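A short write-up of the structure that comes next.
This one's a predicted model, so the numbers in the text were calculated from it and none came from an experiment. Residue numbers start at 1 and run along the sequence shown.
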Amino acid sequence: MRDGYETDPASLGDTGSRTQLNERDLTDVEQPVLPEGFRFRTADEAGPRAAVQAHLDAWAPTTYTHENYLRVRQTAPYRGDLHILVEAPDGTMAASTIMWLDEANRAAEFEPVGTHPDYRRLGPARTMLLHGMRPARAAGAIHMTVACLGAPGHPEARGLYYGVGFRELTRDAPLIKARMAA
């Protein structure tokens with residue numbers, strides 16, 4: 001390959017680390033329905049402590065901190081009204097996502113999408129994604145994207161995204177510097 005790089009063979013296996021970009025338009029978005037006692041919150045409403053805890057719970061173990069969150073909030077495209085959380089009846093943030101709006105291309109991306117371990121496969125992430133598409137559309141987006149692991153051995157996120165109307169757009173495999181022959 002070019003400049004001495006080649007596809008990482010480990011990324012291509014059934015449990016490899018290749019990524020898949022998924023897309024959908026926002027013309028017909030299913031109405032989200034939360035279970036009784038759950039509610040949608042924005043990071044602006046819930047506050048930094050809840051937003052950080054949602055990330056820590058979804059991605060443990062992680063080194064994410066309050067300072068990391070403050071840096072995320074300082075990036076030009078960040079909007080607290082497009083940082084969506086699902087709050088469970090006990091106050092736990094069951095799921096969270098940030099939507100990054102690209103006004104020039106009228107597109108938005110979900111990144112990251114995370115679910116508290118106690119709520120995985122119970123529906124809050126699916127409902128959150130459907131709900132999130134509505135404020136993204138209201139902000140001017142006509143198209144959404146979300147990335148996930150694309151190898152067959154990682155079906156969970158892909159199934160979630162397909163279940164709310166996303167379809168594969170592209171796949172990428174990591175490149176590594178080829179070993180030079182001795």
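Note: H55 NE2 to L85 CG = 12.0 Å, rounded to the nearest 0.5 Å.
A donor-acceptor contact under 3.5 angstrom links the side chains of T92 and D90, judged on distance only.
Here the side chains of F110 and W100 are not in contact, with every heavy-atom distance at 4.5 Å or above. Looking at heavy atoms from C-beta onward, C148 lies out of side-chain contact with H154 at the 4.5 angstrom threshold. Counting heavy atoms from C-beta on, the side chains of H83 and V72 never come closer than 4.5 Å. Within the 4.5 Å cutoff, no side-chain heavy atoms of P77 are placed close to those of L101.
For G13 against A151, the heavy-atom pair with the smallest separation is O-CB, 3.5 Å.
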### Query
What's the verdict on side-chain contact (heavy atoms from CB on, under 4.5 Å) for E156 and R120, showing C-alpha distance, side-chain angles and the deciding distance?
CA-CA 10 Å; E156 297 84 3; R120 290 183 182 147; over 6 Å; no
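Here the side chain of R106 pairs a donor or acceptor atom with the backbone of G140 at under 3.5 angstrom. The backbone N or O of V146 lies less than 3.5 Å from a partner atom in the side chain of N22, making a donor-acceptor pair.
Atom CD of E103 sits in a sparse spot, with 12 or fewer heavy atoms from other residues, nucleotides or ligands closer than 6.0 Å.
Taking a cutoff of 4.0 Å between a charged side-chain nitrogen and a carboxylate oxygen, R73 and D44 qualify as a salt bridge.
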